[in-house]
Amino acid sequence: MSHHIKELQVLSPSPPSSSSRPPSFLSLSLCLREAMLRTVPALLFFAFAFLFLFAFFSLHLSRTTHLIQHFPIAIDNININYAIFHNDNHHPQLPATHRALHVSSIIINHSAISTVSILFPAWELLLVVSPDTPISAPSDTYVCLFQNNDTSQVRFSKTLPFSNRTTLTCQMPKSVKHLRPFYQPVLARSEEKDARAPGPGSPELIRWNFLVYESFSTENDVVVFVKGLNHRQGVNRPPSEFRCVFGDGDKNSVKTAVTSSIQEVFRCQHPNLTELEDTFYYNEQQQQERRRQDVTKFKISLEIVDGHVVLPSVAYYIRPRPRTRLTTTQTTSSKPDPIHDVCACTMVYNVAKFLREWVIYHSKIGVDYFILYDNDSDDNLESVVLGLQREGYNITTLFWVWPKTQEAGFSHSTIYAKHLCKWVLYIDVDEFVFAPYSWAHSAQPSKHMIKSLLPKHNNRTNNNTNVAVGQVSIKCNDFGPSNRKTHPAEGVTQGYTCRRRFGQRHKSMVLLDAVDYSLLNMIHHFEMKKGYRSRKLSMEEGVVNHYKYQAWPEFRTKFRRRVSAYVVDWTQELNPKSKDRTPGLGFEPVEPKGWADMFCEVRDERLKMLTQRWFGSPTFNNGGYRMLW
């Protein structure tokens, strides 16, 4: 107490001595001192309370600011980002990272190279270059410049096939991973010294799992592919909860009803193009120029109606082309037949070493056309495909970079390939269709072999039923490493000959006209529309040899990530007893003891002997065969 009194005395003018003060003055002085002693603790308390409240509200405002979800729009080389907010409590079913308040703002990014950046798994960033933005050839070097001025090298990826956007990738540096929020990096040339790093006011990174990533326009509607809304297999939110948004935002957009919401696939009505162009283009000259070039493209996204939340999007709506003029034998209700009877479709990642064997084999038994959804391969896939094309094989590769979207990719294929293919065989590159009973003694393969597995007379009149076969289901035999330590140079059909006694999966050939409007699939089979059914083949009629558990160096690559949206990754410690797990394998890419001899219960060389006969040339020096691939 004496300490506080001395401080107060120092801050006061020098008082007269006590001996010179009158008694009344001394009493007043003592009262003032007592009052001040009582007031100081109260003042300290209020000061502390003020500082606490200030810190609390600052933190709250900071967190609220970080919850903004940016909606990047690229127009005329300017990167405009709509910050979409909505009420935290209004949408409890959304992840916390997607909640905010009802506000909209626009931020202009004056970066020389305009991009939209998406954070992928494993801290990888995908940069989508905005339309009409000049970017040099891959020989030039670029870097991603992050908010703390750290950089990482850029790798040129491929072009998105439907929006024609250049993509690049880079890794997030370790020094950035602990920062919040994550701002989209600036794409800069490595020699630039004055590039400005992103910071407050810059758009935040878009997350791969809350995104409109692709769209496809059919003659009757628009199919939109979206992550982050239907999270669980078999649990889908009703279409009435959403609307498709065409254009830049609330003021410059047209909205249409969503008619289907299944998995990551949403279908909606076409917009009124006249209304859309009127809201999007600034003058009649722009409209006429776009129509002349026939390159009309608009940003497309999905709105959650309850809360007016528009998802981030890198997808574009492309108006459907008008139908070609009908021939004299066609009516307005008829449509041209598909070009090919049987196609094969699969999603691939770094399968260059396996592709020739798979394509040559299935082409010789009657597959006319191959569609590969490339999940960002970085091996020599393109050169292998080019070589096969030069040899006369019909192959199309579609760059499908999106993580864990196999179901959506297959749904996409049913509308993309509808004019190309009547039937589509959905198998992987390590799977080979084989009919043990009818093909085993054939001297040569035949283009009619695969068609022999399809229904002979597939219409309701000829089979006296009200239901036609729209899907053929084929069971799998799962082959093990067969004592192999490395990839067999002669091919998987020659190198892996020991399998499990009972398979667990099946694959399908699908009539595209029979696929349900929702495009629902479980990878191995599709939902059929009314009037169609599936037919299961016996193991003698047809089987898929699945070379599933290969030599460990090949199998280990599967740990990168699973491609299915609804199957947990290998490294996630979930569902350990799932059929999608490998028996005896943990959650890390560590070779189990005795891997080379695992899954060997039945020695099965039927397809090995058959392919030797069809595609092999004896090598007399070692008694083996040189295979065509």
Trainee: Would you say that F526 contacts L520 through its side chain, given a criterion of any heavy-atom pair below 4.5 Å between the two side chains?
Mentor: no

Trainee: Checking the side chain of S411 only, and the main-chain atoms of L519 only, is there a donor and an acceptor separated by less than 3.5 Å?
Mentor: yes

Trainee: Counting only heavy atoms not in K536, do more than 12 sit closer than 6.0 Å to its NZ atom?
Mentor: no

Trainee: Looking only at non-hydrogen atoms, find the nearest pair between Y349 and N375 and report the distance.
Mentor: CD1-O, 3.4 Å

Trainee: Compute whether any side-chain donor of one residue and acceptor of the other, for T159 and N164, lie under 3.5 angstrom apart.
Mentor: no

Trainee: Side chain of H525, backbone of M522: donor and acceptor closer than 3.5 Å?
Mentor: no

Trainee: Who are the ring-ring contact (aromatic ring centres under 6.0 Å, His included) partners of F242, not counting sequence neighbours?
Mentor: F266

Trainee: Under a plain distance cut-off of 3.5 Å, with no hydrogens placed, do S413 and Y426 share a side-chain donor-acceptor pair?
Mentor: yes

Trainee: Compare every heavy atom of V224 with every heavy atom of C244, then report the nearest pair and how far apart it is.
Mentor: SG-CG2, 3.9 Å

Trainee: Given 3.5 Å as the limit, does a donor-acceptor pair link the side chain of N521 with the main chain of E527, or not?
Mentor: no

Trainee: Does any donor atom in the side chain of Y213 or S313 lie under 3.5 Å from an acceptor atom in the other side chain?
Mentor: no

Trainee: Any side-chain donor paired with an acceptor under 3.5 Å for Q263 and Q233?
Mentor: yes

Trainee: So, using side chain to side chain donor-acceptor pair (under 3.5 Å) as the criterion, who are the partners of N394 when residues are at least two apart?
Mentor: none

Trainee: Run the disulfide (SG to SG under 2.5 Å) test against C345 and tell me which residues pass, sequence neighbours left out.
Mentor: none

Trainee: I need the minimum non-hydrogen distance between G366 and V342, along with the two atoms involved.
Mentor: O-CB, 4.0 Å

Trainee: Around atom NZ of K475, are there more than 12 heavy atoms of other residues, nucleotides or ligands at under 6.0 Å?
Mentor: no

Trainee: Tell me, please, which residues at least two apart from Y373 pass ring-ring contact (aromatic ring centres under 6.0 Å, His included).
Mentor: W400, H412

Trainee: For a quick check under 3.5 Å, do S534 and Q471 share a side-chain donor-acceptor pair by atom type?
Mentor: yes

Trainee: Check this for me: does any side-chain nitrogen of one of D221 and R267 sit under 4.0 Å from a carboxylate oxygen of the other?
Mentor: yes

Trainee: What about the rings of W358 and F370, do their centers lie closer together than 6.0 Å?
Mentor: yes

Trainee: Looking only at atom types and distance, does a side-chain atom of H362 sit under 3.5 Å from a main-chain N or O of V433, one as donor and one as acceptor?
Mentor: yes

Trainee: Applying salt bridge (Lys or Arg N to Asp or Glu O under 4.0 Å), can you list everything that pairs with E541, at least two apart in sequence or on another chain?
Mentor: R535

Trainee: Taking the side chain as everything from C-beta on, heavy atoms only, tell me whether Q504 gets closer than 4.5 Å to C476.
Mentor: no

Trainee: When you compare the side chain of L160 with that of F399, does any pair of heavy atoms fall below 4.5 Å?
Mentor: yes

Trainee: Less than 4.0 angstrom from a charged side-chain N to a carboxylate O is my criterion; do D374 and K158 meet it?
Mentor: yes

Trainee: Whether the side chain of S377 engages the backbone of N350 through a donor-acceptor N/O pair (distance < 3.5 Å, no angle test) should be reported.
Mentor: yes

Trainee: Before accepting this row, confirm whether a basic side-chain N of the pair D428/K507 lies closer than 4.0 Å to the acidic partner's carboxylate O.
Mentor: yes

Trainee: For residues Y517 and S260, is any side-chain donor paired with an opposing acceptor at under 3.5 Å?
Mentor: no

Trainee: Write down the atom of S363, the atom of K447, and the distance for their closest heavy-atom approach.
Mentor: O-NZ, 2.9 Å

Trainee: May I ask you to check if R165 and Y316 form a cation-pi contact, with NZ or CZ under 6.0 angstrom from the six-membered ring centre and within 45° of the axis?
Mentor: yes

Trainee: State, to 0.1 Å, how close C268 and T259 come at their nearest heavy-atom pair, and which atoms those are.
Mentor: N-OG1, 4.1 Å

Trainee: Are E264 and V226 side-chain neighbours, meaning at least one heavy-atom pair lies under 4.5 Å?
Mentor: no

Trainee: Any sub-3.5 Å donor-acceptor pair from T256's side-chain atoms to Q269's backbone N or O?
Mentor: yes

Trainee: Take D368 and K422 through the test salt bridge (charged side-chain N to carboxylate O under 4.0 Å, His left out) and record every step on the way to the result.
Mentor: CA-CA 11 Å; D368 305 311; K422 184 176 182 181; over 6 Å; no

Trainee: Are there over 12 heavy-atom neighbours, none belonging to E382, within less than 6.0 Å of that residue's CD?
Mentor: no

Trainee: Would the distance check show the side chain of R232 and the main-chain N or O of N230 forming a donor-acceptor pair, the cut-off being under 3.5 Å?
Mentor: no

Trainee: Measure the shortest side-chain to side-chain distance between I118 and W402 over non-hydrogen atoms and say whether it is less than 4.5 angstrom.
Mentor: yes

Trainee: Any donor-acceptor pair under 3.5 Å linking the side chain of D379 with the backbone of A352?
Mentor: yes

Trainee: Taking salt bridge (Lys or Arg N to Asp or Glu O under 4.0 Å) as the test, write out the residues that go with D430, two or more places apart.
Mentor: none

Trainee: Return the minimal non-hydrogen interatomic distance between L187 and I113, and the atom names on each side.
Mentor: CD2-CG2, 3.4 Å

Trainee: Going by atom types alone, do D516 and S518 pair a side-chain donor with an acceptor below 3.5 Å?
Mentor: yes

Trainee: With distance as the sole test, does S508 use its side chain to make a donor-acceptor pair with the main-chain N or O of H524 at under 3.5 Å?
Mentor: yes

Trainee: Run the side chain to side chain contact (heavy atoms under 4.5 Å, CB included) test on L211 and L311 for me, step by step, so that the C-alpha distance in whole Å, both residues' side-chain angles and the decisive distance to 0.1 Å come before the verdict.
Mentor: CA-CA 6 Å; L211 175 70; L311 274 71; over 6 Å; no

Trainee: Judged by atom type as modelled, is there a donor-acceptor pair below 3.5 Å linking the side chain of K227 to the main-chain atoms of K404?
Mentor: yes

Trainee: Mind running ring-ring contact (aromatic ring centres under 6.0 Å, His included) on F246 and Y317 for me, showing each step along the way?
Mentor: CA-CA 7 Å; F246 302 83; Y317 168 71; 5.0 Å; yes

Trainee: Are L372 and I395 side-chain neighbours, meaning at least one heavy-atom pair lies under 4.5 Å?
Mentor: yes

Trainee: Does the side chain of V116 reach to within under 4.5 Å of the side chain of I206, using non-hydrogen atoms?
Mentor: yes

